[in-house]
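These notes concern the structure reproduced below.
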Amino acid sequence: MIRVLEPEVINQIAAGEVIERPFSVLKELLENSLDAGAERIEVEIQEGGRDLVSVRDDAAGFSREDLELAFVSHATSKLSRLEDLNAIVSLGFRGEALASIGSVSRARILSRAGDADSGAEVRAVGGRGGPVSPAAAARGTIVEVRDLFYNVPARRRFLKSPQAERARCLEVFTRLALAHPDTGFQLAGGGRTLRLLPGETLSQRVGKLFGGRTESLCLPVRAEREGIRVAGLAVDPDGARRDRSQELLFLNGRPIKDRSLSHAIAQAYRDYLMGGKYPVSFLFLTLDPREVDVNVHPTKAEVRFHRARLVYSVVHQAVRAALGRRQARLGERTLESVAELRPRTGFPELPAGLFGAGEAIGQGFGKLPGAGRRTAREARPDARATFRNVRDFLVVRDLYVVFETDDGIAIVDQHALHERVIYEKLLRGWREGKCPVQRLLLPAILELAPADKDTLLGHREELGRGGLVLSDFGGGSIKLEGYPAALKRVDPKDLVDGLLRDIQEHGPPREPEELRERLHSAACRSAVMAGDRLGEAELRALLRAASSLEHPDNCPHGRPTVL
Ligand code: ADP
Ligand code: MG
């Protein structure tokens, strides 16, 4: 039997599209406040937004009649004729957000329009807007969204930890705050309050959101061609990160992701960055809205440019020019100071290296004539034995150690092996309940993006157990007081960067065990990168250590160590 769906059900279905997690609620509410012309916006988030997302603004407010319709789907003041779709300027336009939010949470809107002498409120109950009642309110609007997905248990269960949800909310907040430097923002809840004043410059905002070092490395970007304008900041390659999370792009004031433009930026940085590092940049594209299709993605995060090639080339050249100005400045420095700019590590990233991706020793030996079809497990005792009686060896390009074995020759990826050795050392320390800590004489103060800081502090205890001792240093900074002693010498910043990147790549750790794993693999990676070229004695020690490893055949990330 065909039935017409109840509006609550339709809204819940729509909500599935628009409201995915707390950050989606925050995004819609912030966009509404900005659309309504807010000069100041205050956000509060509790339990990563599961308990509460609240956004308060000083904008135009809702009239009483508007409030009646606030939780009704396809009610929007922003779009009435189809042609408007071709020239969308405002941030939200589908008239779906509030209705969707109201259908999956306990939401309340309290508002007072600029010309009204009193306020009013409306609540969404059981997926419907309730009656509008008078209430005391300052000019502007507060939207409170509590208990997200309380009536959709399957979705509620799907939410991640409060820290993880909070981190996503912070990302949304950060993007919108960057896009609207004229608007003042405040973010409360979860301990610290972040305040961004109205009318800050972009680089001041970058400083508050990403730290003073990033701010000091900003290079201005500005270019215009055939009506396509790009402006913003490109961060000096010295401020590059190990992930793309701080490569932010905006189109006509709206945060977007665009693979092709991301590529354009990466290409511009290509000559300046080592493998595995990504640009940090905050770029704002402005062009005629009719030149873009923004309606290709349900949350409008992806767009389609009509003159895509031209846009690519404008962005690419603008960033290149900015970085070129940096080069000119460096040229004026003395030779000595330029020498410092050489990459600190001598070894390139070798994801596949000599051995082909993911080919462990088992398969590797399996290919040798006579080795038959041994499984990786059967081959493992061989891997350990391989290292047992090494007499002479040859080092090739500081990357590979070659030596004779009983039945052939072995080629060892010394960095992969080194990582494995350090990793197992850390693991042993942790298992035996004593991970010796190297206390820093001078604690390192690291400035981090708010989301990153929250992630680390949220796991402080487990990290401590893994050997990483850190604490809140106030503002956007953390204080690193110690790290696992098994890492003789590592750059604390690299260590923390590596850890954050692991967390970002693999999602937030669900159990302490997983976190420890991330810490240790980041730790040994950066220990190896910071390490010196190995001398003969060290190489011998390394090979000896390999003969008693649990898993000598792969580095902790699965790269084969020996062929
Ligand atoms: P849309 O933003 O797509 O129009 P929403 O469901 O997000 O749909 O909002 C519905 C309408 O409610 C908006 O068109 C706007 O008129 C009004 N509105 C929402 N938030 C605010 C706010 N903070 N201040 C004033 N009006 C608002
Ligand atoms: Mg909206």
Side-chain angles (χ1 to χ4, degrees), residues 7-8 10-20 22-44 53-82 84-85 87-105 107-116 119-124 127-129 132 135 137-145 148 172-173 175-176 179-180 183-186 252-255 289 294-295 297-301:
E8 296 94 301
I10 294 174
N11 287 342
Q12 277 195 12
I13 294 171
E17 225 184 289
V18 188
I19 307 301
E20 193 195 332
F23 83 82
S24 349
V25 173
L26 179 61
K27 174 173 174 289
E28 296 293 342
L29 298 186
L30 283 175
E31 287 182 348
N32 280 348
S33 292
L34 289 164
D35 277 348
E39 282 168 26
R40 281 172 196 270
I41 299 179
E42 291 174 16
V43 177
E44 187 179 341
V53 175
S54 144
V55 172
R56 169 194 207 126
D57 67 47
D58 59 356
F62 285 75
S63 69
R64 232 193 123 87
E65 303 78 69
D66 285 352
L67 271 188
E68 307 268 358
L69 288 174
F71 290 119
V72 177
S73 132
H74 303 293
T76 173
S77 58
K78 296 168 198 169
L79 182 75
S80 50
R81 291 163 305 134
L82 203 56
D84 290 351
L85 271 173
I88 282 148
V89 222
S90 67
L91 297 168
F93 56 82
R94 305 203 308 177
E96 231 164 38
L98 288 179
S100 297
I101 290 169
S103 74
V104 292
S105 70
R108 174 172 93 114
I109 305 175
L110 174 62
S111 186
R112 189 176 130 201
D115 50 6
E121 74 171 340
V122 61
R123 286 168 194 271
R128 280 176 199 265
V132 175
R139 181 175 173 262
T141 304
I142 305 179
V143 183
E144 282 172 359
V145 178
L148 183 62
V172 163
F173 178 88
R175 282 171 200 267
L176 285 169
H180 299 272
T183 309
F185 289 86
Q186 180 171 309
N252 293 339
R254 178 205 300 284
V294 290
N295 213 11
H297 190 267
T299 59
K300 292 160 264 150

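Quick note: residue numbers are just sequence positions, from 1. Whatever order the structure lists ligands and atoms in, that order sets their numbers, starting from 1. Quick caveat, the model's predicted, so the values are computed rather than measured.
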Could you list the atoms of ligand 1 found under 4.0 angstrom from a heavy atom of G61? 25 (C)
Looking only at distance, does E28 have an N or O less than 3.5 Å from an N or O of ligand 1? no
Tell me if the CD atom of E44 is crowded by more than 12 foreign heavy atoms within 6.0 Å. yes
Interfacing atoms of ligand 1 (cut-off 4.0 Å, heavy-atom, A97): 6 (O), 7 (O)
Counting only heavy atoms not in R108, do more than 12 sit closer than 6.0 Å to its CZ atom? yes
R56 side chain to V143 backbone, donor-acceptor under 3.5 Å: no
Side-chain (D58) to main-chain (A38) donor-acceptor, under 3.5 angstrom: no
Please assess R112 against F62 for the test side chain to side chain contact (heavy atoms under 4.5 Å, CB included), listing each intermediate value before the final yes or no. CA-CA 6 Å; R112 189 176 130 201; F62 285 75; over 6 Å; no
Purely on distance, is any nitrogen or oxygen of F62 under 3.5 Å from one on ligand 1? no
I'd like the name of whichever of A60, S33, A36 reaches closest to atom 25 (C) of ligand 1 through any heavy atom. A36
Does any N or O in the side chain of D57 come within less than 3.5 Å of the main-chain N or O of T141, such that one atom is a donor and the other an acceptor? yes
Polar proximity ligand 1 side, D57 side, N/O cut 3.5 Å exclusive: yes
How does T141 reach ligand 1, if at all, at less than 4.0 Å between non-hydrogen atoms: by side chain, backbone, both, or neither? side chain
